[in-house]
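Here the structure is laid out as structure tokens; the discussion comes afterwards.
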Amino acid sequence: MRPPPLSKDTRALKILSWNVNGLKALVKNRGFSVHELAQREDFDVLCLQETKIQEKDVDVIKESLLEGYTNSFWTCSVSKLGYSGTAIISRVKPLSIKYGLGVPDHDTEGRIVTVEFDDFYLLTAYVPNSGDGLKRLVIYCCSFHSGMHHLRFESNP
């Protein structure tokens with residue numbers, strides 16, 4: 001059972017997050033519409049992970065998905081085409097947008113988008129497979145921690 005909607009004077013955002021495992025396939029095979037999802041769920045922000053789209057496809061995907069949502073921020077893998085990728089789609093305009101962690105080895109994989117709103121940062125991330133012996137996970141977690149540490153001090157000078 002769904003909770004009742006918040007009153008109009010309550011300051012809140014409804015945020016949905018979804019690992020789509022390939023956005024082009026989702027749109028093609030299921031006729032996915034962010035607008036229909038927005039009507040059903042009344043979300044303000046939608047975070048997508050594992051979009052698997054290339055930069056050249058973003059504008060076409062945006063046209064077919066974003067009826068009524070004018071703010072969208074996409075990051076795609078440039079190191080391995082059709083791999084990973086994240087997006088934030090919002091009807092609320094953020095104050096700032098940041099792509100990646102500032103770590104070149106990771107940022108080419110299109111795994112993180114961060115937006116800043118009035119009172120908080122929202123980050124959507126697609127974490128890599130850890131690989132043999134958890135090697136990749138340790139490296140990624142250290143980079144992620146460093147990036148979050150930077151955000152913390154950036155927002156609290």
Side-chain angles (χ1 to χ4, degrees), residues 1-78 80-102 106-130 137 140-141 143-145 147-148 150-152 154-156:
M1 188 162 121
R2 293 177 91 170
L6 298 171
S7 68
K8 295 290 182 196
D9 59 337
T10 300
R11 202 168 153 206
L13 289 177
K14 184 172 184 180
I15 301 168
L16 271 74
S17 182
W18 186 9
N19 181 318
V20 294
N21 190 21
L23 191 55
K24 282 169 61 173
L26 181 67
V27 170
K28 182 180 174 185
N29 296 335
R30 298 187 196 157
F32 173 73
S33 165
V34 169
H35 186 66
E36 290 172 13
L37 182 64
Q39 287 179 331
R40 187 177 72 228
E41 298 297 333
D42 193 28
F43 68 84
D44 298 297
V45 181
L46 175 63
C47 300
L48 300 175
Q49 304 85 36
E50 202 175 5
T51 58
K52 297 183 180 181
I53 61 172
Q54 296 177 36
E55 288 178 349
K56 68 179 181 68
D57 300 322
V58 170
D59 288 336
V60 172
I61 292 286
K62 283 168 63 171
E63 287 175 16
S64 66
L65 290 179
L66 303 178
E67 304 161 25
Y69 287 77
T70 56
N71 305 290
S72 67
F73 314 97
W74 303 75
T75 184
C76 306
S77 175
V78 293
K80 189 173 179 182
L81 301 180
Y83 180 70
S84 60
T86 55
I88 295 177
I89 300 166
S90 176
R91 61 179 163 200
V92 179
K93 185 176 181 178
L95 301 173
S96 67
I97 304 100
K98 181 178 178 185
Y99 299 94
L101 289 170
H106 296 294
D107 292 348
T108 61
E109 293 183 8
R111 293 187 175 275
I112 295 178
V113 178
T114 305
V115 293
E116 177 186 6
F117 291 110
D118 288 335
D119 299 322
F120 66 98
Y121 287 91
L122 174 65
L123 175 140
T124 189
Y126 178 56
V127 179
N129 186 303
S130 61
L137 185 62
Y140 188 80
C141 286
S143 298
F144 187 81
H145 181 268
M148 294 305 95
H150 176 73
L151 271 182
R152 186 173 132 210
E154 187 177 277
S155 64
N156 295 312

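Bear in mind that the values here come from a model prediction, so they are computed numbers and not experimental data.
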* Asked: Checking Arg111 side chain against Tyr126 main chain: does a donor-acceptor pair fall under 3.5 Å?
  -> yes
* Mark yes or no for whether Ser84, through its side chain, and Glu109, through its backbone, hold a donor-acceptor pair below 3.5 Å. => yes
Hey, are the side chains of [X] and [Y] touching, using non-hydrogen atoms and a 4.5 Å cut-off?
{"X": "Val92", "Y": "Asn71", "value": "no"}
{"X": "Cys76", "Y": "Glu55", "value": "yes"}
{"X": "Asp107", "Y": "Tyr99", "value": "no"}
{"X": "Tyr121", "Y": "Lys98", "value": "no"}

Rounded distance [0.5 Å steps], [atom1] in [X] versus [atom2] in [Y]:
{"X": "Tyr83", "Y": "Thr108", "atom1": "OH", "atom2": "OG1", "result": "10.0 Å"}
{"X": "Glu116", "Y": "Ile97", "atom1": "CD", "atom2": "CD1", "result": "9.5 Å"}
{"X": "Lys24", "Y": "Ile61", "atom1": "NZ", "atom2": "CD1", "result": "7.0 Å"}

* Asked: When you look at Asp57 and Lys52, which way does the salt bridge (Lys or Arg N to Asp or Glu O under 4.0 Å) test go after all the steps?
  -> CA-CA 10 Å; Asp57 300 322; Lys52 297 183 180 181; over 6 Å; no
Determine the minimum heavy-atom distance between [X] and [Y], stating which atoms define it.
{"X": "Gln54", "Y": "Gly82", "result": "CG-N, 3.9 Å"}
{"X": "Val20", "Y": "Glu50", "result": "CG2-O, 3.8 Å"}
{"X": "Leu122", "Y": "Ile88", "result": "O-CD1, 4.0 Å"}

* Asked: Looking at residues at least two apart in the chain, or sitting in another chain, which of them share a ring-ring contact (aromatic ring centres under 6.0 Å, His included) with Phe117?
  -> Phe120
* Structure fact -> side chain to side chain contact (heavy atoms under 4.5 Å, CB included) with Leu48: of Ile89, Ile53, Thr86, only one passes, and it is Ile89
* Salt-bridge criterion met for Lys14 and Asp44 (N-O under 4.0 Å) ->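 Answer for the salt bridge query: no.
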* Please confirm whether Tyr69 and Phe43 have ring centers closer than 6.0 angstrom. => yes
* With sequence neighbours left out, what residues match Asp59 under salt bridge (charged side-chain N to carboxylate O under 4.0 Å, His left out)? -> none
* Asked: When you look at Ile112 and Leu123, which way does the side-chain contact (heavy atoms from CB on, under 4.5 Å) test go after all the steps?
  -> CA-CA 7 Å; Ile112 295 178; Leu123 175 140; 3.8 Å; yes
